[in-house]
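Remember, it's a predicted structure, so these values are computed and weren't measured experimentally. The sequence lines fix the lettering, A, B, ..., with proteins before strands; numbering per chain opens at 1.
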Amino acid sequence: MSDLDRRTDEELMNLCVEGSEEALGELVKRYKPRIVSVVYRYINDPIRAEEIAQEVFVRVWVHREKYRRTARFSTWIFTIALNLTKNEIRYRVRHSKVMSIEGLKEMGSNVGFFLRDRSRDPQEKLEESELQEVVGKAIASLPTKYRDAVVLRDIEGLSYEEVGEILSIPGGTVRSRINRGRLILKKRLEPYVSC
Amino acid sequence: MKCKAARRLFSAAFDGELSASEERQFKEHLAACAICSREFVLFSRSVELVASLPRPSSSPLFEEKVIRALGEEETGPRRRPELPVPLAAPRPALAFAVALVLVGLLLVAPWNQSDWESALVSRRVERSEVAMKELAKSATDVADLAGMEKRSLTVATLDGIDSASSERQSLFGEELSLWKSKARIVAGGSTENAIALLDEVAYSDGAVFEIEFVLDPFLFEGAEVRRLDASSLTAEEMELASATF
């Protein structure tokens with residue numbers, strides 16, 4: 001189909017339900033960067049983040065008939081992504097028995113892996129990548145309930161309503177978690193921002 | 001509007017989600033309060049900094065791998081790929097060490113500092129009905145801990161802590177309290193004593209608690225205690241939750 005790029009996500013998903021792999025391809029094109037990004041902010045492992053993101057699209061296809069046509073596709077796919085990511089965390093913990101602080105630091109050290117901008121001069125590039133590493137680590141170290149809300153809101157730009165739908169929490173809780181998470185980040189990032 | 005109420009509205013103000021009356025009160029407060037005004041600027045800049053993080057790039061073979069995985073899905077079940085990097089080997093004492101490190105982080109923070117600090121301590125201990133009963137019957141067991149000053153302890157029952165409930169307490173002066181069902185255990189004196197007391201309580205009753213200490217005059221001061229052992233979290237997940245805080 002040539003008009004796939006003009007279709008809404010939900011229309012594409014309906015085509016997937018009818019068996020259109022081309023429609024899935026268009027959804028992959030639209031959501032790949034966002035799904036890789038949200039998974040990466042959780043596990044700080046760029047290779048595994050991409051594998052999980054691929055698995056997310058496989059699940060979308062396999063479970064396409066379970067998709068409720070009245071639901072927003074974005075909330076459905078982010079819910080799948082968060083569930084798979086949390087499964088990954090459980091899997092890692094189960095296979096490592098206890099996650100060491102050193103292991104977590106090692107995971108955190110990958111934060112800056114993708115964040116370099118090759119168009120800048122070396123010094124500026126270094127400073128920017130260091131700052132991005134600091135921000136990435138600050139996000140990764142948030143307590144889970146605040147990280148869920150902040151990543152979906154500030155990294156993915158979802159509305160409060162969408163965040164609530166994905167996390168299955170009421171609007172008031174969404175607001176308080178976003179505010180609390182941001183206040184924690186503000187405290188940790190204060191040395192890097194100025195008035 | 002007071003500073004604490006204003007700071008609860010920071011996110012909604014940043015996102016343009018305030019009602020007309022909230023917005024008016026919020027702006028009036030910022031105009032009159034230089035500290036909150038500066039805090040809101042810093043808050044806004046830190047949110048912008050987080051939001052400005054570039055997305056990670058993905059492999060040009062991404063779509064191809066999805067298609068291949070779909071094909072494998074149709075021809076049979078796939079095996080889970082191995083982790084690319086082996087994680088740390090099991091260490092029997094690590095659970096205790098992680099908790100110690102986190103408690104240590106708390107100890108370096110002044111108890112009454114006006115700034116924000118919080119920490120999370122999670123414990124996994126063997127369930128001990130005997131220890132629970134002993135704690136319930138005697139306040140002395142807690143008070144006798146070295147260096148502790150027991151301010152109050154009233155025990156009705158320790159059986160009523162709901163896994164879904166959490167209770168928050170306020171800090172008064174240099175006290176830190178912990179509610180266990182209807183028992184309020186208050187630790188006074190030094191920070192070390194207060195933390196050690198709550199730590200001991202968490203150990204002695206044989207349950208698994210998550211204790212979050214929050215010292216923030218603008219948000220909430222005290223400890224939020226959640227019982228986790230009755231939930232679906234495994235002990236290993238608890239350890240991860242501790243270490244990632």
Undergrad: Which salt bridge (Lys or Arg N to Asp or Glu O under 4.0 Å) pairs, counting each pair once, include a residue from residues 24-35 of chain A, with sequence neighbours left out?
TA: A:Asp9-A:Arg30, A:Glu26-A:Lys29, A:Glu26-A:Arg30, A:Lys32-B:Glu63, A:Arg34-A:Glu156

Undergrad: If I measure from the heavy atoms of chain B, does A:Ile178 come under 4.5 Å with its side chain, its backbone, both, or neither?
TA: both

Undergrad: Evaluate side-chain contact (heavy atoms from CB on, under 4.5 Å) for B:Glu48 paired with A:Val193, printing each intermediate quantity in order.
TA: CA-CA 10 Å; B:Glu48 286 163 0; A:Val193 294; over 6 Å; no

Undergrad: Please round to the nearest 0.5 Å and tell me the distance separating atom CZ of B:Phe43 and atom NZ of A:Lys187.
TA: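 Going from CZ on B:Phe43 over to NZ on A:Lys187, the span is 15.0 Å.
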
Undergrad: Between atom CD of A:Glu55 and atom NZ of B:Lys65, what is the distance when rounded to the nearest 0.5 Å?
TA: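 Nearest 0.5 Å value for the CD-NZ distance: 13.5 Å.
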
Undergrad: If we ignore hydrogens and angles and just use 3.5 Å, is the side chain of A:Asp154 paired with the main-chain N or O of B:Val50 as donor and acceptor?
TA: no

Undergrad: Is there a donor-acceptor pair under 3.5 Å between the side chain of A:Glu50 and the backbone N or O of B:Ser59?
TA: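 Present.
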
Undergrad: Using non-hydrogen atoms only, which part of A:Ile155 is less than 4.5 Å away from chain B: side chain, backbone, both, or neither?
TA: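 For A:Ile155, the contact with chain B is made by backbone and side chain together.
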
Undergrad: Quick one: closest heavy-atom pair of B:Pro56 and A:Val36, and the distance?
TA: CG-CG1, 4.0 Å

Undergrad: Tell me every residue that passes salt bridge (Lys or Arg N to Asp or Glu O under 4.0 Å) with A:Glu161, counting only those two or more places apart in sequence or in another chain.
TA: A:Arg72

Undergrad: Taking all heavy atoms of A:Arg182 and all of B:Ser46, pick out the closest pair and write down the distance.
TA: O-OG, 4.5 Å

Undergrad: Mind checking the CG-CD spacing from B:Leu70 to A:Glu21? Nearest 0.5 Å is all I need.
TA: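 Here the rounded value is 6.5 Å.
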
Undergrad: Given a strict heavy-atom distance threshold of 4.5 Å, which part of A:Ala53 is in contact with chain B: side chain, backbone, both, or neither?
TA: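 Both backbone and side chain of A:Ala53 come within 4.5 Å of chain B.
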
Undergrad: For the CZ atom of A:Phe57 and the CD1 atom of B:Ile67, what is their distance to the nearest 0.5 Å?
TA: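 Between atom CZ of A:Phe57 and atom CD1 of B:Ile67 there are 12.0 Å.
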
Undergrad: Determine which residues belonging to residues 12-27 of chain B lie within contact range of chain A, meaning some heavy atom pair is under 4.5 Å apart, and list them by number or answer 'none'.
TA: B:Ala12, B:Phe14, B:Asp15, B:Glu17

Undergrad: Under the side-chain contact (heavy atoms from CB on, under 4.5 Å) criterion, do A:Ile139 and B:Leu53 qualify, and how do the steps go?
TA: CA-CA 11 Å; A:Ile139 295 168; B:Leu53 278 181; 3.7 Å; yes

Undergrad: Could you grab the distance from atom CG of B:Leu42 to atom OH of A:Tyr192, nearest 0.5 Å is fine?
TA: 14.5 Å

Undergrad: Out of curiosity, A:Leu183 CG to B:Phe10 CZ, how far, rounded to the nearest 0.5 Å?
TA: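 Rounded to the nearest 0.5 Å, the CG-CZ separation comes out at 7.0 Å.
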
Undergrad: Pairs in or reaching into residues 148-185 of chain A: which pass ring-ring contact (aromatic ring centres under 6.0 Å, His included), with residues at least two apart or in two chains?
TA: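 Every pair satisfying ring-ring contact (aromatic ring centres under 6.0 Å, His included) with a residue in residues 148-185 of chain A: there are none.
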
Undergrad: For side-chain contact (heavy atoms from CB on, under 4.5 Å), just list the numbers for B:Arg8 and A:Arg175, CA-CA rounded to whole Å, side-chain angles, deciding distance to a tenth of an Å, and then say yes or no.
TA: CA-CA 9 Å; B:Arg8 286 201 178 115; A:Arg175 285 170 197 279; over 6 Å; no

